[in-house]
A.B. asks: 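First the structure, then my questions, so here it is.
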Protein chains: 2
Amino acid sequence: MATLSVFLDVPLAKAADVPLDAYRADPSPEKVCLGHAGCQTDLEEVWIPPVVKRILLQIPEDPTLNHEYLPQLGILEFTRAAMELAIGKDSHALLDNRACGVQTNGGTGALWIGAEFLHHWYKPSYCTAPATVLIAAPHLDNLGCIFQVAGFSDIRSYHYWDPIKLTVDTEGFLEELQNAPEGSIVFLHAPEETGLTPKQWEEVAAVMEKKHLFPFFDIAAQGLASGNLDKDAWAVRHFVAKGFELLCAQSFSKMFGLYEERVGNLIVVTKNNQTLIRIQSQLSKQICMTWFSPTSLGARVIAMVLTSPALLYEWKQSLLKLVKRIMLIREKLKEKLRILGTPGSWEHITAQSGVNSFVGLLPSQVDFLAQHKHIYLLANKQINICSINSKNLDYVARSIHEAIVTTIPHIQSELMESSSENHEPSREST
Amino acid sequence: MATLSVFLDVPLAKAADVPLDAYRADPSPEKVCLGHAGCQTDLEEVWIPPVVKRILLQIPEDPTLNHEYLPQLGILEFTRAAMELAIGKDSHALLDNRACGVQTNGGTGALWIGAEFLHHWYKPSYCTAPATVLIAAPHLDNLGCIFQVAGFSDIRSYHYWDPIKLTVDTEGFLEELQNAPEGSIVFLHAPEETGLTPKQWEEVAAVMEKKHLFPFFDIAAQGLASGNLDKDAWAVRHFVAKGFELLCAQSFSKMFGLYEERVGNLIVVTKNNQTLIRIQSQLSKQICMTWFSPTSLGARVIAMVLTSPALLYEWKQSLLKLVKRIMLIREKLKEKLRILGTPGSWEHITAQSGVNSFVGLLPSQVDFLAQHKHIYLLANKQINICSINSKNLDYVARSIHEAIVTTIPHIQSELMESSSENHEPSREST
């Protein structure tokens, strides 16, 4: 037997940039992780709505559940209710039978199946195949790799965030869409952290219609931005109402506190029922080859909540409580920075909403926090607001203050750099 | 907004050939499904070992479990115990730290991640890239598609089953391996339904070593062939002992009665620890993009069973009981056919072991059963022995008898055809 490996040339892949790893490895007793993937309570526990906890206890006792493989496309009650949550029960696409949901292994599973599907079948005459993919700069590293492995080669980032004004740069965003190659696939985050207004979304839709851009929505935490599920779905509903064909990846992890259960849904909206049936058949095939059929537990919990008026009400109240807590943390952090006299305006902390937030820290300031203060942010420099709690708030605010004060001399040049930055997804990350 | 769909040209994919669908659609009260994917009890319920049922009730009550995302590669206690189950606790590959397991979404997830990995990284100098893939004829349709979508183009079937003698055709199998292009990837099923002897596996390994063929094992129901977990893993352990690098996809669905929980494990055995670490990093990346991290429930149950001597003992006893039931059904079916005077020898029914079985029916006989007797087999013409029970045994035996007697005049020509058949995976099935 040969002693050399046939895999001798396999390179070491860059590990997924998980802030928790650096945090765990840090021996300092002061360390703080502001980069949790999910939502935490003030006691640093995973936030799980009480109704979900209750159902998780009931399901194993239910003798009517049969434990066989689920169908490839998942639990129909779940995919239907999940889709209605996003595009609305009274959506024309639903009434016309030209929209469906496909249960996936988490939001990532929905992105993967969607990207693979588009690579195989999205070949409109007015664009080169494979099409150009546009991804918001902060998400380029994560999402770009998925599209790259699915077979797309022209993957670009777009900006909607002005790092100087610390607000949405709608003008710049519209200009980038205007200049995108016809037929490009545009990845849209809604509700997203920076909060486009309905009017701004209308402008985005108008440009996208004109340029035949294909919308792929990512709804990772519906309800957690405004506290209102319908309001947070405004953008995707507007696109559906305007007659767009689209894909939409839904994740339910944060909304239901179900992370390790891996529940996602890929929504397809197309022009008519015949096309939908053919698309469904292809998605079913893809799933059959990738994971055969989805897991049941999380989808069962969510289906039960969404289809029972009483449970739905209870869950919405829990969600609202979490959103209020998030806003309170935002206010407290802003107030602390004001009292400390931290240079700059911190209004954007409360002007934004949702779990993840651009606090407006520059790369050198993020590095300062990690190296000198043992504070770790999300890989894309955002903070998970739920990771701030009564115990660490003071320390976090003081540390941000120090990071800002210490790095003031270098700010101007770094700002220029960060506003002209043009990411490419890292090539080695297959 | 344009009224034509950009997905106008998406064709209808052939639905995965699920015998249950045809069975469900059949209104006949006599109908029998012999094509269940999993194991059933005599009462037509999903077989779940009592120890698994118990743990499924305990897990939601456990306050120490944290519900965060699992690591990309899964629960370490599970992947380690699962790997030890297959290659043995005292395997040199384990002692040398050059083998690992990676938790996947079911056996299919392990096949998919493995096929994708090989397509990216299996490029030995002595074979063209992408390499030829050899798959046993009865599994070509299912597995061929996975490799095809992963990017392999030269996918061939091999035969190890003599449809005339109704036994393993070792000579023919070895000859096919002998003639395979150097460096081909060979998909091996062990324990498989037809049961190669250790001596025959040794011959297979010798030819594969000589021709630099790469083994990709599929262990779908360890313990359910012989009732002995170690005996059923003999083949893969022999290959590891001989110094092969290999992949091995494990499914735990049938062994633990956990279907909708989707638990699989991809075992990697390579030459040294450094290579293993690099391979692991690539697999981690792939998983991060496909489903981000695996689900926890099923893997937790299995890890608890496999790492507790008391639970392990209990589970092994349950497994043994199931195997005894399978052998009893095989004996009863053979005896019924003998009493009916069904032409042909039916010794192979008891000579084989395991859940799925070639009963030796020709395509026309399988069609006869579906059309005239409302009896549905697995898509690859095998029978799931556990689907035969006290209620349907008589009817199944009489129907097989009728199918044989009715089709006798055509047998000779069909046999010739089926032994010279050379499948290709259906091209439209992406």
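Quick caveat: nothing in here was measured; it's all calculated off a predicted structure.
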A.B. asks: When you look at B:Phe7 and A:Phe117, which way does the ring pair (Phe, Tyr, Trp, His ring centres under 6.0 Å) test go after all the steps?
C.D. replies: CA-CA 10 Å; B:Phe7 301 116; A:Phe117 172 78; 5.3 Å; yes
A.B. asks: Should B:Lys285 and B:Gln72 count as side-chain neighbours, where that means a heavy-atom distance under 4.5 Å?
C.D. replies: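 No, their side chains stay 4.5 Å or more apart.
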A.B. asks: Would you indicate whether the side-chain heavy atoms of B:Asp96 and B:Asn272 approach each other to under 4.5 Å?
C.D. replies: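 Of all side-chain heavy-atom pairs linking B:Asp96 with B:Asn272, none is under 4.5 Å.
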A.B. asks: Where does A:Phe244 contact chain B at under 4.5 Å (heavy atoms): side chain, backbone, both or neither?
C.D. replies: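 Contact with chain B: backbone and side chain both.
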A.B. asks: Using non-hydrogen atoms and a 4.5 Å limit, figure out which bit of B:Gln280 sits close to chain A: side chain, backbone, both or neither.
C.D. replies: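 For B:Gln280, no heavy atom lies under 4.5 Å from chain A.
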A.B. asks: Among A:Tyr126, A:Tyr69, A:Phe292, A:Trp291, which has the most heavy-atom pairs under 4.5 Å with chain B?
C.D. replies: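 Between A:Tyr126, A:Tyr69, A:Phe292, A:Trp291, the count favours A:Tyr69.
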A.B. asks: Non-hydrogen atoms of chain A under 4.5 Å away: do they reach the side chain of B:Thr275, the backbone, both or neither?
C.D. replies: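 Side chain only.
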A.B. asks: Could you walk me through whether B:Trp112 and B:Leu266 pass the side chain to side chain contact (heavy atoms under 4.5 Å, CB included) test, one step at a time?
C.D. replies: CA-CA 10 Å; B:Trp112 170 255; B:Leu266 177 66; over 6 Å; no
A.B. asks: Given heavy-atom pairs under 4.5 angstrom as the criterion, report whether the side chain, backbone, both or neither of A:Ile146 touches chain B.
C.D. replies: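 For A:Ile146, heavy atoms of backbone and side chain both lie under 4.5 Å from chain B.
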A.B. asks: May I ask you to decide if A:Pro11's main-chain N or O and B:Arg278's side chain share a donor-acceptor pair within less than 3.5 Å?
C.D. replies: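 No; judged by distance alone, with no hydrogens or angles, the pair does not exist.
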A.B. asks: Sort A:Ser296 into side chain, backbone, both or neither according to what part of it lies under 4.5 angstrom from a heavy atom of chain B.
C.D. replies: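 Both the backbone and the side chain of A:Ser296 come within 4.5 Å of chain B.
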A.B. asks: Please look at B:Glu245 and chain A and tell me whether the side chain, the backbone, both or neither of the residue comes under 4.5 angstrom of a heavy atom of that chain.
C.D. replies: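 For B:Glu245, the contact with chain A is made by the side chain alone.
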A.B. asks: With chain A as the partner, which of B:Glu68, B:Lys242, B:Glu45 has the greatest number of non-hydrogen pairs under 4.5 Å?
C.D. replies: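 If we count pairs closer than 4.5 Å to chain A, B:Glu68 comes out on top.
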A.B. asks: Are A:Thr295 and B:Glu260 side-chain neighbours, meaning at least one heavy-atom pair lies under 4.5 Å?
C.D. replies: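 Not touching, per the 4.5 Å side-chain cut-off.
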A.B. asks: Just give me the residue among B:Lys53, B:Glu209, B:Lys123, B:Lys210 that pairs up with chain A most often, heavy atom to heavy atom, under 4.5 Å.
C.D. replies: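 Of the candidates given, the most pairs with chain A belong to B:Glu209.
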A.B. asks: Side chains of A:Thr108 and B:Met289: closer than 4.5 Å at any heavy-atom pair?
C.D. replies: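 Of all side-chain heavy-atom pairs linking B:Met289 with A:Thr108, none is under 4.5 Å.
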A.B. asks: Quick one: which of A:Thr290, A:Leu70, A:Leu56 has the most heavy-atom pairs under 4.5 Å with chain B, could you say?
C.D. replies: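 The residue among A:Thr290, A:Leu70, A:Leu56 with the greatest pair count is A:Thr290.
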A.B. asks: Is the gap between the ring centers of A:Phe252 and A:Tyr259 under 6.0 Å?
C.D. replies: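 When the ring centroids of A:Phe252 and A:Tyr259 are compared, they turn out to be at least 6.0 Å apart.
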A.B. asks: Check step by step if side chain to side chain contact (heavy atoms under 4.5 Å, CB included) holds for A:Ser253 and A:Arg262.
C.D. replies: CA-CA 7 Å; A:Ser253 307; A:Arg262 313 300 300 117; 4.1 Å; yes
A.B. asks: Any salt bridge linking A:Glu261 with A:Arg300? Criterion: basic side-chain nitrogen under 4.0 Å from a carboxylate oxygen.
C.D. replies: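 The answer is no: the pair does not qualify as a salt bridge.
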A.B. asks: Pick whichever of A:Val263, A:Val6, A:Ile59, A:Leu111 has the most heavy-atom pairs under 4.5 Å with chain B.
C.D. replies: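 Most heavy-atom pairs under 4.5 Å with chain B: A:Val6.
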A.B. asks: Going through the distances and angles, do A:Lys271 and B:Leu8 end up as a side chain to side chain contact (heavy atoms under 4.5 Å, CB included)?
C.D. replies: CA-CA 9 Å; A:Lys271 290 289 181 185; B:Leu8 205 63; over 6 Å; no
A.B. asks: Contact part of B:Pro294 toward chain A, heavy-atom cut-off under 4.5 Å: side chain, backbone, both or neither?
C.D. replies: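 B:Pro294 touches chain A through backbone heavy atoms alone.
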A.B. asks: I'd like to check B:Gln40 versus B:Trp47 (side-chain heavy atoms, cut-off strictly below 4.5 Å). Are they in contact?
C.D. replies: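 Contact flag for B:Gln40/B:Trp47 side chains = no.
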A.B. asks: Tell me, for B:Ile277 versus chain A, whether the close heavy atoms (under 4.5 Å) come from the side chain, the backbone, both or neither.
C.D. replies: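 Contact with chain A: backbone and side chain both.
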A.B. asks: Is it the side chain or the backbone of B:Val10 that comes within 4.5 Å of chain A heavy atoms, both, or neither?
C.D. replies: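 Answer is both: backbone and side chain atoms of B:Val10 are under 4.5 Å from chain A.
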A.B. asks: Only pairs of heavy atoms separated by less than 4.5 Å count here; which of A:Gly298, A:Gly109, A:Ser5, A:Ser293 has the most with chain B?
C.D. replies: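 Of A:Gly298, A:Gly109, A:Ser5, A:Ser293, A:Ser5 has the most heavy-atom pairs under 4.5 Å with chain B.
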A.B. asks: Measure distances from A:Gln274 to the heavy atoms of chain B and classify the residue's part below 4.5 Å as side chain, backbone, both or neither.
C.D. replies: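 Nothing of A:Gln274, per the 4.5 Å heavy-atom cut-off to chain B.
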A.B. asks: Do you know which of B:Glu61, B:Glu116, B:His212 has the most heavy-atom pairs with chain A at a distance under 4.5 angstrom?
C.D. replies: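 Top option by heavy-atom pairs under 4.5 Å: B:Glu61.
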A.B. asks: Can you tell me which portion of B:Gln58 sits under 4.5 Å from chain A's heavy atoms? Options are side chain, backbone, both or neither.
C.D. replies: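 It is neither, since no heavy atom gets under 4.5 Å.
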A.B. asks: Which atoms of B:Leu118 come close to chain A, meaning under 4.5 Å heavy atom to heavy atom: side chain ones, backbone ones, both, or neither?
C.D. replies: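 For B:Leu118, side-chain heavy atoms alone lie under 4.5 Å from chain A.
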